[in-house]
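These notes concern the structure reproduced below.
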Amino acid sequence: VRDWNGIAQVVLRSPKGHSARVSLHGGQVVSWKNDRGEELLFTSSKAVFKPPYAMRGGIQMCFPQFGNSGTLERHGFARNRIWIIDDEHPPTNHNGNGSKAFVNLLLKPSEDDLKCWPHCFEFRLRVSLSKDGDLSLKSRIRNVNGKPFSFSFAYHTYLSVSDISEVRIEGLETLDYLDNLSQRERFTEQGDAITFESEVDRVYVSSPNVIAVLDHEKKHSFVIRKDGLPDVVVWNPWEKKSKTMVDFGDEEYKQMLCVDAAAVERAITLKPGEEWTGKLELSAVSSTNCSDH
Ligand code: TA6
């Protein structure tokens with residue numbers, strides 16, 4: 001555990017030199033590097049690392065809501081809270097069979113949180129790094145007691161890409177999507193892959209559990225595997241929207257793409273004592289063998 005700007009971060013390393021850094025601020029993954037030390041997640045050069053606001057980039061925990069509805073802050077409060085290390089399972093560099101380095105974080109509602117969202121939950125997040133550098137996130141959200149509650153969720157994931165106009169997503173073709181740029185109106189994807197030449201802000205619903213983000217320029221591609229997360233949010237702000245975000249460079253839309261494994265279209269409801277699990281696994285593969293994902 002190391003101290004970054006006064007906030008504790010946990011560094012995970014693989015035997016081959018891959019690494020990941022998890023901040024207790026927001027339970028946010030703030031870095032994921034391959035064995036050549038290349039950063040695979042995007043962080044804005046203008047990111048503000050100041051509690052309680054989420055830092056622009058990495059992988060942010062959006063809970064108990066994804067989006068801008070009701071009284072909660074956009075994308076919920078989880079990404080704007082200080083988490084703790086779940087000492088029931090202390091961090092380690094291998095779990096017995098030495099296959100994964102992992103850390104377990106825990107978020108419970110504060111008194112203030114309960115005022116704006118009166119539900120007693122435990123959000124346990126395990127971030128792990130495999131010996132081959134795959135990054136896995138497992139969220140377990142439990143309704144501790146009291147009455148049933150519903151929530152939406154997203155792993156708000158900023159992937160680093162070389163040039164957004166050279167990127168394509170495979171696995172979402174023919175799906176329906178809700179277009180955030182037109183009041184979440186429903187459309188059907190017609191293309192044979194998702195490519196980018198303007199602002200995109202969509203929730204692809206009932207998506208497959210394996211999606212590929214191909215970035216030929218950078219000679220690597222991402223394979224995204226998910227479980228328990230039926231939707232995929234795809235977002236690139238493009239030029240005009242970029243200029244409206246103080247913690248984002250005007251040209252940075254060219255080097256990032258948000259592909260968020262999520263549960264947005266249909267909220268998840270938990271009865272007292274029930275627990276939900278949402279898993280994400282990210283692999284960065286060289287483009288030559290990305291076709292075997
Ligand atoms: O990814 C979809 C989205 O809802 C966009 O509309 C945009 O608002 C983005 O999330 C970032 O939200 P943030 O609150 O992190 O600025």
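Remember, it's a predicted structure, so these values are computed and weren't measured experimentally. Every heavy atom of this structure was used, including side-chain atoms; hydrogens, water molecules and symmetry mates were not. Atoms within a ligand are numbered from 1 in the order they appear, just like the ligands themselves.
- Side chains of Ser242 and Asp250: a donor-acceptor N/O pair is absent below 3.5 angstrom, by distance only.
- Screening Trp117, Tyr155, Trp276 against Phe63 for a ring-ring contact (aromatic ring centres under 6.0 Å, His included) leaves a single residue, Trp117.
- With hydrogens and angles left out, the side-chain atoms of Asn80 and Glu73 include a donor and acceptor closer than 3.5 Å.
- Using modelled atom types and a 3.5 Å distance limit, the side chains of Asp86 and Asn104 yield no donor-acceptor pair.
- Sorted by chain then number, the residues whose non-hydrogen atoms approach ligand 1 to under 4.0 Å are Arg56, Phe66, Arg74, His75, Arg79, His156, Tyr158, Asp201, Val233, Trp235.
- With sequence neighbours left out, Asn209 forms a side-chain hydrogen bond (donor to acceptor under 3.5 Å, both in side chains) with Lys226.
- Using modelled atom types, one finds a donor on one side chain and an acceptor on the other under 3.5 Å when comparing Glu189 with Tyr204.
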